[in-house]
Amino acid sequence: MSATDIDRLFDELLSRRSLFKDRRVLSIDYVPDELPHREKEIARLATILATALRGGRPSNVFCYGHTGTGKTAVVKFVLKKLFEKARSRNLKFKAAYVNTRIYNTPYRALYKIAEELGIRGIPKTGLAVADVFEKVKREIDRFDCLTIIVLDEIDYLVKREGGNDLLYQLTRINNMLSRSQVSLIGVTNDLRFRDFLEARVLSSLCEETIVFHPYTAEQLYDILKQRAALAFVDGAVEDSALRLIAALAAREHGDARRAIDLLRVAGEIAEREGADCVREEHVWKAYEEVERDLVSAAVSGLPLQEKLVLLAIALLSRSKRQITTGLVKHAYEKVCAALGVAPVSHRRLTDILNNLETLGLISCALVSLGRYGRTKLIKLEVRPKDVISILARDPRFAELVSQIRF
DNA sequence: CTTCCACCGGAAGTACCGGTAA
DNA sequence: TTACCGGTACTTCCGGTGGAAG
């Protein structure tokens with residue numbers, strides 16, 4: 001391509017009218033001024049937290065519901081409004097928001113709490129958890145005000161060792177504070193989460209419970225319409241496209257986050273193609289792309305051995321129908337041999353399989369074959385060719401993928 | 001009724017890494 | 001420097017276990 005060609009390309013791209021008015025509206029952490037169809041939940045949480053405006057300590061709250069049902073948005077929204085109200089009444093309180101899927105160990109969660117509260121001098125690693133907890137506790141007491149701690153995706157913390165301990169300490173912290181008070185808000189997608197909570201934590205963490213039900217397709221449509229009006233220029237999205245996104249997301253247990261993601265990607269595709277508006281065809285393309293990106297994000301972050309196990313499963317699912325643990329082990333060892341990598345123990349393999357399951361890449365079902373033992377039936381939950389093509393980007397695997405057959 | 005397959009998964013421990021405090 | 005911290009990836013050992021076959 002010559003210099004003048006590039007010049008012309010730039011000119012052409014610049015002269016195109018952008019479909020977007022404000023892209024940020026479609027980002028994951030955007031909190032809108034209105035949350036349609038969540039009025040009841042907002043009122044409920046606001047009622048509980050309003051105690052703070054009267055100088056009391058709100059009960060600990062526990063929110064649960066599927067992904068993308070507005071839990072995080074509602075919590076952030078109500079806290080924002082509470083801050084505004086408090087400021088107008090000259091009241092002080094502090095809040096920390098921690099996503100424990102990212103800050104997924106007791107130390108890291110504590111570190112993030114400290115950071116959110118503006119407590120400095122805590123290193124990312126190297127100290128004992130108990131010491132850090134003491135320091136955070138002391139600093140919170142020095143605030144001399146109510147402190148609200150939001151623990152989002154709290155199930156990721158609880159399922160880790162030491163997670164219950166931290167939670168227990170946090171629920172008991174008020175007994176150790178003299179000037180400040182702490183309220184906790186726990187948020188989770190996992191509906192069976194309570195099973196993992198120890199009894200000593202359960203009762204105090206779940207003083208109040210708010211359940212978030214999935215959005216229906218019509219409700220998702222309303223949400224999309226609201227966001228589209230803010231994010232796109234007038235007439236840049238066809239109504240049928242919004243309906244399609246709503247229908248697709250409703251199928252995924254009413255996941256609004258997924259819907260908004262789909263809208264954003266569909267918009268980007270339409271713009272890339274130079275279309276004058278977002279149509280159903282762009283939504284379908286976006287659907288594919290979002291799916292692939294999800295897989296790609298999950299797969300590329302995996303450690304080597306987990307990649308190899310996943311590769312073995314992907315290669316197996318091209319041909320065999322029923323995949324058992326034994327079969328996976330066999331295939332995995334063949335893959336290892338071909339690469340000159342030492343395979344891990346069987347015990348480790350079961351952990352890897354469980355991990356791949358929690359990531360949603362595979363699903364497992366324990367079955368008993370009587371005389372013929374007891375095993376797990378393993379099913380790849382994503383397209384084998386996606387997994388293989390993503391892993392084949394690694395030059396170490398590229399050759400192998402074309403060679404091995406089962 | 002008992003056997004026994006082909007696994008599961010808890011417990012405890014090791015090696016290593018990147019970090020802190022004294 | 002040394003002792004210690006949390007965290008990940010992995011090991012070895014071992015006590016289960018559902019249900020068809022015998």
Side-chain angles (χ1 to χ4, degrees), chain A residues 98-115 119-139 151 153-170 192 195-196 198 298-313 316 320-337 339-359 361-379 391 394 396:
Chain A
V98 186
N99 185 322
T100 64
R101 180 163 56 165
I102 298 154
Y103 300 91
N104 60 357
T105 65
Y107 190 97
R108 289 207 269 260
L110 217 42
Y111 168 82
K112 184 62 182 170
I113 290 171
E115 190 190 273
I119 299 168
R120 276 179 297 175
I122 290 171
K124 272 187 282 189
T125 173
L127 266 50
V129 175
D131 295 350
V132 174
F133 187 84
E134 280 306 308
K135 171 147 189 176
V136 169
K137 194 180 79 188
R138 252 198 338 269
E139 292 296 319
L151 298 165
E153 307 203 62
I154 194 171
D155 42 313
Y156 284 89
L157 177 64
V158 174
K159 286 172 193 163
R160 292 276 191 136
E161 65 173 63
N164 263 301
D165 290 337
L166 177 64
L167 238 43
Y168 178 66
Q169 297 275 1
L170 284 173
R192 299 179 338 277
D195 302 344
F196 295 95
E198 286 174 16
V299 171
S300 51
L302 253 33
L304 174 67
Q305 298 289 359
E306 306 211 5
K307 279 183 181 164
L308 296 180
V309 173
L310 188 66
L311 180 59
I313 296 169
L316 278 173
K320 297 269 194 322
R321 286 176 297 114
Q322 297 255 302
I323 300 171
T324 61
T325 308
L327 223 53
V328 171
K329 182 159 194 278
H330 189 75
Y332 157 75
E333 277 165 357
K334 250 169 105 174
V335 169
C336 284
L339 285 167
V341 174
V344 296
S345 64
H346 189 283
R347 180 64 187 85
R348 176 70 190 137
L349 183 70
T350 65
D351 281 344
I352 289 174
L353 289 172
N354 285 337
N355 188 35
L356 293 176
E357 188 181 16
T358 53
L359 288 172
L361 291 168
I362 61 172
S363 64
C364 303
L366 251 160
V367 290
S368 176
L369 275 40
R371 184 87 246 194
Y372 306 105
R374 205 161 168 300
T375 187
K376 256 182 186 162
L377 284 184
I378 293 149
K379 190 168 152 262
L391 287 173
D394 186 327
R396 286 177 296 176

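Heavy atoms only: backbone and side chains are in, while hydrogens, waters and symmetry mates are out. Keep in mind that what you see is a predicted model, and the values were worked out from it rather than measured.
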Please compare A:Glu306 and A:Ala128 by the position of their nearest nucleotide in DNA chain C and report the one closer to 5'. A:Ala128
Could you tell me how far apart A:Glu134 (CD) and B:dT20 (P) are, to the nearest whole angstrom? 21 Å
Point-to-point distance, once rounded to the nearest 0.5 Å, from CG of A:Leu359 to CD of A:Glu306: 7.5 Å
Counting only side-chain heavy atoms from C-beta out, which of C:dT17, B:dT20, B:dC8 sits nearest to A:Arg374? C:dT17
Could you tell me how far apart A:Ile352 (CD1) and B:dC8 (P) are, to the nearest whole angstrom? 12 Å
Which residue, A:Leu327, A:Leu310, A:Val344, forms the side chain to side chain contact (heavy atoms under 4.5 Å, CB included) with A:Tyr332? A:Val344
Nearest-Å distance for atom pair CD/P, residues A:Glu161 and B:dA12: 11 Å
Considering heavy-atom distances to DNA chain B, does A:Tyr372 or A:Lys376 have its closest nucleotide positioned more toward the 5' end? A:Tyr372
Nucleotide B:dC8, atom C1' - distance to CG of A:Asp351 in whole Å: 10 Å
With heavy atoms under 4.0 Å as the rule, sort A:Arg108 into base, sugar-phosphate or nothing. sugar-phosphate
To the nearest 0.5 Å, tell me how far A:Ile113 CD1 sits from A:Leu166 CG. 6.0 Å
Distance check needed: C:dC5 C1' versus A:Leu110 CG, whole Å only. 14 Å
Of the listed nucleotides B:dC5, B:dC7, B:dC8, the one nearest the side chain of A:Arg371: B:dC5
Validation: residues 119-134 of chain A side-chain donor-acceptor distances under 3.5 Å, sequence neighbours left out:
residue, atom, partner, partner atom, Å
A:Glu134, OE1, A:Lys137, NZ, 3.3
A:Glu134, OE2, A:Lys137, NZ, 3.2

Whole angstrom is fine here: how far is it from CG in A:Leu377 over to P in C:dG18? 17 Å
Would you indicate whether the side-chain heavy atoms of A:Asp351 and A:Arg348 approach each other to under 4.5 Å? yes
Base, sugar-phosphate alone, or nothing: which one does A:Asn354 contact when heavy atoms must sit under 4.0 Å apart? sugar-phosphate
Tell me whether the side-chain N or O atoms of A:Ser368 pair up with the base of C:dG19 as donor and acceptor below 3.5 Å, since no angle test is needed here. no
Please tell me which of the listed nucleotides, C:dT11, C:dT8, B:dG9, lies nearest to the side chain of A:Val344? C:dT11
So A:Val367, base contact, sugar-phosphate only, or nothing? Heavy-atom distance under 4.0 Å. nothing
Atom NE2 of A:His330 and atom P of B:dC7 are separated, to the nearest Å, by 12 Å
Taking atom types as they are modelled, would you say the side chain of A:Arg348 forms a donor-acceptor pair with the base of B:dG9 within the 3.5 Å cutoff? no
Overall bend - the helix from B:dC1-C:dG22 to B:dA22-C:dT1, comparing terminal axes fitted on five pairs, nearest 10 degrees: 30°
On a heavy-atom basis, which atom in A:Leu366 and which in A:Arg374 lie closest, and how many Å separate them? CD2-NH1, 3.5 Å
Steps toward salt bridge (Lys or Arg N to Asp or Glu O under 4.0 Å) verdict (A:Glu357, A:Lys379): CA-CA 10 Å; A:Glu357 188 181 16; A:Lys379 190 168 152 262; over 6 Å; no
Any A:Thr325 side-chain N or O less than 4.0 Å from OP1/OP2 of B:dC8: yes
How far apart are the C-alpha atoms of A:Glu139 and A:Lys135, what are their side-chain angles, what is the distance that settles it, and do they pass the salt bridge (Lys or Arg N to Asp or Glu O under 4.0 Å) test? CA-CA 6 Å; A:Glu139 292 296 319; A:Lys135 171 147 189 176; 5.5 Å; no
Touch check for A:Ser345, heavy atoms < 4.0 angstrom, all strands: base, sugar-phosphate only, or nothing? base
Any donor-acceptor pair under 3.5 Å joining the side chain of A:Thr125 to the base of C:dG6? no
Atom-to-atom span, CZ of A:Arg347 to P of C:dG16 - whole angstrom: 15 Å
